[in-house]
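Notes follow the structure.
All values below were derived from every heavy atom in this structure, side-chain atoms included, with hydrogens, water molecules and symmetry-related copies excluded.
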Amino acid sequence: MAFYRRLGEVPPKRHTQFRRPDGGLYAEELMGEEGFTSDSSLLYHRHIPSALTDVRAWDVPDSALTPNVPLKPRHLRLHDLFHDEEHKALDCVTGRRLVLGNADVRISYAVSSQPSPYYRNAIGDECVFVEAGTAEVETIFGVLAVGPGDYVLLPRATTHRWVPTGAEPLRTYVVEANSHIAPPKRYLSRYGQLLEQAPYCERDLRGPAESLLADGAEVEVHVKHRGADGITGSIHVSAHHPFDVVGWDGCLYPYAFNVADFEPITGRVHQPPPVHQVFEGENFVICNFVPRKVDYHPLAVPVPYYHSNVDSDEVMFYVRGNYEARRGSGIGPGSLSLHPGGHSHGPQPGAVEQALGVDYFDELAVMIDTFRPLSLGEGGLACDDGVYARSWFRG
Ligand SMILES: [Fe+2]
């Protein structure tokens, strides 16, 4: 994220002596991407951030993947993954159930009410979409207050925790990348400013509003990282509380963006999916279908043509409204559809005719297209409706 921010106290000149009130030096940390050649921030800690008193293993949630073989489009009912009161004992990090994944990205879902442990994903950036509920995301950069419709972007290795607030369970749709997640390059100037034709701009992005300082010793931080057999975990016991940053500045930090601030790009005839794109990572994109006026040519067909996305698997998470192209398929809020490469898909029978003359779609869905095939996680296997593949057939 190229937009410069500063929060709290920082010295006037980088890499110079910056002293605490007691005369000791703050510990300067550079957190940077791509080997010191891309975005970075400088953080000023009260204590040495490297100080560990213990390290032990953490059994991460089941990350096994089962190939989508034989190849099938699927309807996964994410709301069936968590039952009634189950959320009361779960948190948004350790309670995640893996739905889909490949070598580039993993998609999980969680319903939770408990604060998460302190957590750091050292594998890649996370983009967490808040379907429902509210939370404070406490990070070493400060606090983000988040709620329904927010994408929460957490750069790789950002120490943070999720603290649900309010009475409603926190429903989170989690995208864990093996890379960084950022606005589409085509919407950025050569220096990284969001361009005039982008569907959102810097004013729509919320950074941490206030610093977060906490005292404590022997604080456990759950670290997800690469291991010999794929994803693995460790618990680092930090000598001092990791939330000890008195100030930071730079272009790398967590932020939130609400989907309601995405200004849809519309046209006289059907617009292709890239107009709905909001973020991208390596080998995948994130798009959103927001409530919008639709195609206004007098003979327009507002729902999509049948499409064979030959280079990607398509994952739609249906958040709100009645998704017009899926009418009659059983899909509704809380559903996820997987349309894999190698199968041509489009509107369910009758959906085209029903959409003719309609000028507004009141629908909200988040789409992820991956350029490598997706396999099913244990959560995906557990909530597959088993019949979606035949939903276009009227025999
Ligand atoms: Fe599609």
### Stepwise side chain to side chain contact (heavy atoms under 4.5 Å, CB included) check, E378 with T66
CA-CA 8 Å; E378 62 79 25; T66 303; over 6 Å; no

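Taking the ring centroids of Y109 and Y173, they lie at or beyond the 6.0 Å cut-off. Between H79 and Y318, the distance from one ring center to the other does not fall under 6.0 angstrom.
Here CD of Q348 is found 4.5 Å from OH of Y388. Values are rounded to the nearest 0.5 Å. In this structure, CD1 in I140 is found 11.5 Å from OG in S211, a value given to the nearest 0.5 Å. Taking SG of C127 as the reference point, atom CD1 of I368 lies at 7.5 Å (rounded to 0.5 Å). Put simply, CG on L374 and CZ on R74 are 11.5 Å apart, with the number rounded to the nearest 0.5 Å.
Between H47 and H240, the angle of the ring planes stays under 30°, which puts this pair in the parallel group of the 30/60° scheme. A tilted orientation is assigned to the rings of Y200 and F257, their planes being inclined by 30° to 60°. Relative orientation of the H241 and F243 rings is tilted, given thresholds of 30° and 60° on the angle between their planes. The aromatic rings of W58 and Y119 sit perpendicular to each other, their planes meeting at more than 60°, with 30° as the lower class boundary.
With salt bridges taken as basic N to acidic carboxylate O contacts below 4.0 Å, one links E126 and R96. Salt bridge E131/R320: absent, no basic N to carboxylate O contact under 4.0 Å. Ion pairing of K72 with D384 is absent here, as no side-chain N (NZ or NE/NH1/NH2) approaches a carboxylate O to less than 4.0 Å.
When the side chains of ILVMFWY residues are joined at heavy-atom separations under 4.5 Å, either directly or via intervening members, L78 and V174 end up in two distinct hydrophobic clusters. At a threshold of 4.5 Å between side-chain heavy atoms, the hydrophobic network of Ile, Leu, Val, Met, Phe, Trp and Tyr places Y187 and I286 in one connected group.
Scanning both residues, P208 and L144, for their nearest heavy atoms gives N-CD2, 3.6 Å.
The 12-atom threshold is exceeded at CG of L30, counting heavy atoms of other residues, nucleotides or ligands nearer than 6.0 Å.
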